[in-house]
**Q** 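Below are the structure tokens for one structure; questions will follow.
Just so it is clear, the structure is predicted and the values come from calculations on it, not from any experiment. Note: hydrogens, waters and symmetry copies are ignored here, and every other heavy atom, side chains too, is used.
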Amino acid sequence: MRNEFPNMQGFSRQNLYYSKNFYEFYAERIHISSNNAIVPQAEGQLQVADNYRIIFDIPWGHQKVIISKAQNIEEALFYAHQTLSNGWSRSVLENQLKQQFYEHYGQGQTNFSQTLPALTADMAQEVVKDPYWFDFVSVSQKARERDIEKQLVTHITQFLLEQGKGFAFVGEQYCLSLNNKEYFCDLLFYHIPLRAYVVIELKNGNFKPEHLGQLNFYQNLINNTLRGEYDNPTIGMLFCRDKDRIEVEYALQNISSPIGVIEFNVSELLPENLKSKLPTVEEVEEELNKFVE
């Protein structure tokens, strides 16, 4: 191949191995013709052929990650589509695969189907995965909501990548006024494709039904003060560390505002008294070198 194509690169042993895997991964379910057109083997077995051309539109480095980690072709195409739609770098793609984004996509508990028009509800549901993994946030076991919120704002780029394409950051501890009183919501965004404000409340503990009352109050204030003529109703998202799905289901009943309840996870820092008991990297390397010698 190098003799036949002297000006081309990428014929290393590893790349040829991945090329073979690429063919075998897709050939079982899709016929790839000589002009790179992709056609499903049976009509209705998968989606139309245009949906499969996306595998040729993402960088080869991304493709190697996908075929190495995806369990099936539907999952592979999902990650390829998300990569193109959201402009994921390879490291972001690897992180999303690690956190099983495909399995959690659209899994948050919401009342969107009862409170939003059908098309808007479907789009909003896709935004909500469950759980969210904020592995770029490290807090102590006694951290407060404000500690986590500050780190989310500090790492706002990573947070927006977790949220997905279309979110614009409006502010933290955003001030809302009513009858000469001030109220502060944790985080406020605007979702451009949904044409709606998204207010987020963080609860560093278990879900409680009364949390929805506070969130609904903020949604009503935003609808009456910020929402424009062509904006859709404000969406509320409650992030909590743990929840009982049945309790959430009952709490969401008969609430007219669109709300989603999602679990989130962060990296917890080791207590200081335990840190001193753990070996350092240097000590581990020293012990390993003894075995090598």
Side-chain angles (χ1 to χ4, degrees), residues 40 43-55 57-58 73-88 92 96 100-132 159-170 185 187-201 212 215-239 243 245 248-264:
E43 185 178 358
Q45 186 177 12
L46 295 171
Q47 298 176 9
V48 294
D50 284 345
N51 290 337
Y52 296 92
R53 294 193 177 94
I54 62 174
I55 66 174
D57 292 335
I58 65 173
I73 197 170
E74 286 81 8
E75 182 180 355
L77 293 171
F78 170 84
Y79 282 113
H81 183 270
Q82 291 295 321
T83 294
L84 285 177
S85 298
N86 298 307
W88 285 349
V92 170
Q96 298 290 19
Q100 299 180 315
F101 181 48
Y102 176 70
E103 287 83 352
H104 301 307
Y105 184 72
Q107 295 302 307
Q109 283 184 272
T110 74
N111 62 354
F112 295 161
S113 61
Q114 292 82 40
T115 56
L116 292 171
L119 290 177
T120 305
D122 290 342
M123 190 185 305
Q125 188 66 45
E126 289 180 358
V127 173
V128 183
K129 66 177 182 178
D130 192 16
Y132 276 81
F159 181 66
L160 289 174
L161 286 173
E162 282 289 322
Q163 292 289 87
K165 187 177 181 180
F167 277 90
F169 181 53
V170 178
C185 60
L187 295 166
L188 184 62
F189 295 85
Y190 188 86
H191 194 277
I192 298 170
L194 286 172
R195 297 206 313 275
Y197 285 98
V198 178
V199 57
I200 292 178
E201 280 296 294
L212 298 187
L215 182 57
N216 190 36
F217 174 72
Y218 291 149
Q219 289 174 269
N220 291 333
L221 281 179
I222 293 167
N223 283 334
N224 289 321
T225 58
L226 297 178
R227 179 184 173 192
E229 180 182 357
Y230 300 104
D231 291 335
N232 286 312
T234 301
I235 294 171
M237 295 175 67
L238 178 70
F239 285 82
K243 64 178 180 177
R245 295 190 68 86
V248 172
E249 183 179 334
Y250 272 87
L252 286 173
Q253 287 183 9
N254 300 321
I255 291 182
S256 58
S257 299
I259 292 178
V261 180
I262 308 103
E263 289 184 21
F264 74 93

**Q** Hey, could you give me the OG1/CZ distance between T234 and R227, rounded to the nearest 0.5 Å?
**A** 6.5 Å

**Q** Measuring only between side-chain heavy atoms, which start at C-beta, is P258 closer than 4.5 Å to Q219?
**A** yes

**Q** Restricting to non-hydrogen atoms, name the atom on T225 and the atom on L221 that form the minimum distance, rounded to 0.1 Å.
**A**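 Shortest heavy-atom separation between T225 and L221 comes out as OG1-O, 2.6 Å.
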
**Q** Decide side-chain contact (heavy atoms from CB on, under 4.5 Å) for K243 and L238; before the verdict, give the C-alpha distance in whole Å, the side-chain angles of both, and the deciding distance to 0.1 Å.
**A** CA-CA 11 Å; K243 64 178 180 177; L238 178 70; over 6 Å; no

**Q** Could you measure the distance from the CD1 atom of I255 to the CG atom of N111? Nearest 0.5 Å is fine.
**A** 6.5 Å

**Q** Could you measure the distance from the OH atom of Y218 to the CD1 atom of I200? Nearest 0.5 Å is fine.
**A** 14.0 Å

**Q** To the nearest 0.5 Å, what is the distance between CG (N216) and CG (L212)?
**A**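 Rounded to the nearest 0.5 Å, the CG-CG separation comes to 8.0 Å.
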
**Q** How close do I58 and A80 get, heavy atom to heavy atom, and via which atoms?
**A** CG2-O, 3.7 Å

**Q** For T110, what residues pass the side chain to side chain donor-acceptor pair (under 3.5 Å) criterion, not counting sequence neighbours?
**A**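 Scan of T110 (side chain to side chain donor-acceptor pair (under 3.5 Å), adjacent residues dropped) gives Q125.
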
**Q** Got a sec, which residues hit side chain to side chain donor-acceptor pair (under 3.5 Å) with Y197, two or more places apart in sequence or on another chain?
**A**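 For Y197, no residue satisfies side chain to side chain donor-acceptor pair (under 3.5 Å) once neighbours in sequence are set aside.
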
**Q** So do L188 and L226 actually touch side chain to side chain, heavy atoms under 4.5 Å?
**A** yes

**Q** Does anything in residues 113-123 pair up under side-chain hydrogen bond (donor to acceptor under 3.5 Å, both in side chains), and if so which pairs, sequence neighbours excluded?
**A**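 For residues 113-123, and leaving out neighbouring residues, there are no side-chain hydrogen bond (donor to acceptor under 3.5 Å, both in side chains) pairs at all.
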
**Q** Could you measure the distance from the CD atom of Q109 to the CD atom of E263? Nearest 0.5 Å is fine.
**A** 9.0 Å

**Q** Hey, what do you get for CD1 (I235) to OH (Y190), rounding to the nearest 0.5 Å?
**A**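 Result: 10.0 Å between the selected atoms.
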
